[in-house]
Structures are given as C-alpha cells and as structure tokens.
Amino acid sequence: FSVDPQRLASLDKNCNVYHELGNLDGIAQKLKVSLKDGIPGTEEDIKARQEVFGQNIYKEKPYRGFLIFVWE
C-alpha cells in the first residue's frame, strides 16, 4: 500500500491531506481498492491489510453492573 496509516488517520483533522492523496480516486488507488467492488478479499490481501492497518475489531468496555450505578 502506498499510503501510511497515520496519514490516513489525519484525514479527519486536515482536509488538505485528502487533496494531497488525490481525492477519493487517489486514496482508493493507494489502498488498492475498487470503488465499485471494494477490496479483493483474497486471503493474502486480507492478511496484508491486517499487517499494515491492524484488525478491524472494537474493544468493548467492561460491563458495569447495576449496583455500581446505584452506588454512584
């Protein structure tokens, strides 16, 4: 991939990065993504994306029981 994950993360803070990366088409090309079909989705492709960008998982906060809310 020809774009750095930190550079992509800066898109929400600096819209100039969007233009520098070539707008939507340029970003899609750098991420090797089809705007029509998405990612190729082969095993090798997914593994490479996970190595560069990490896994797409959400870590949930620990559950706080009802009594904790009553106590507070």
Side-chain angles (χ1 to χ4, degrees):
F1 305 100
S2 61
V3 65
D4 186 275
Q6 287 77 22
R7 181 96 187 220
L8 285 176
S10 71
L11 280 170
D12 65 338
K13 297 179 183 98
N14 184 354
C15 62
N16 289 332
V17 174
Y18 177 75
H19 299 295
E20 290 169 8
L21 293 174
N23 300 325
L24 186 59
D25 291 326
I27 294 170
Q29 183 181 12
K30 287 172 178 46
L31 292 174
K32 301 177 185 175
V33 172
S34 164
L35 294 176
K36 180 183 176 196
D37 301 319
I39 64 171
T42 63
E43 224 174 286
E44 299 96 26
D45 178 62
I46 292 172
K47 186 176 179 179
R49 290 176 188 281
Q50 287 178 342
E51 287 177 13
V52 173
F53 301 106
Q55 290 187 340
N56 188 17
I57 50 177
Y58 175 75
K59 294 182 182 178
E60 293 187 32
K61 295 180 180 178
Y63 176 73
R64 295 177 63 187
F66 175 74
L67 292 177
I68 291 176
F69 288 110
V70 173
W71 184 262
E72 292 177 347

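Just so you know, these numbers come straight off a predicted model, no measurement behind them. Position 1 is the first residue of the sequence, and the numbers go up from there.
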J.: Mind checking ring pair (Phe, Tyr, Trp, His ring centres under 6.0 Å) for Y18 and listing every partner two or more places apart, or none if nothing turns up?
T.: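 Not a single residue meets the ring pair (Phe, Tyr, Trp, His ring centres under 6.0 Å) criterion with Y18.
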J.: Donor-acceptor pairs under 3.5 Å, side chain of residues 24-42 to any protein atom, not counting sequence neighbours: which ones?
T.:
residue, atom, partner, partner atom, Å
K30, NZ, L21, O, 3.4
S34, OG, K36, N, 3.2
S34, OG, D37, N, 2.9
T42, OG1, D45, N, 3.2

J.: Sequence neighbours excluded, which residues qualify as side chain to side chain contact (heavy atoms under 4.5 Å, CB included) partners of Q55?
T.: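 Q50, I57.
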J.: Name all pairs fulfilling the ring-ring contact (aromatic ring centres under 6.0 Å, His included) condition that reach into residues 36-58, sequence neighbours left out, sorted by first residue then second.
T.: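 Sorted pair list: F1-F53.
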J.: Measuring from atom CG of N16 to atom NZ of K13, what distance do you get when rounded to the nearest 0.5 angstrom?
T.: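 The NZ atom of K13 is 15.0 Å from CG of N16, to the nearest 0.5 Å.
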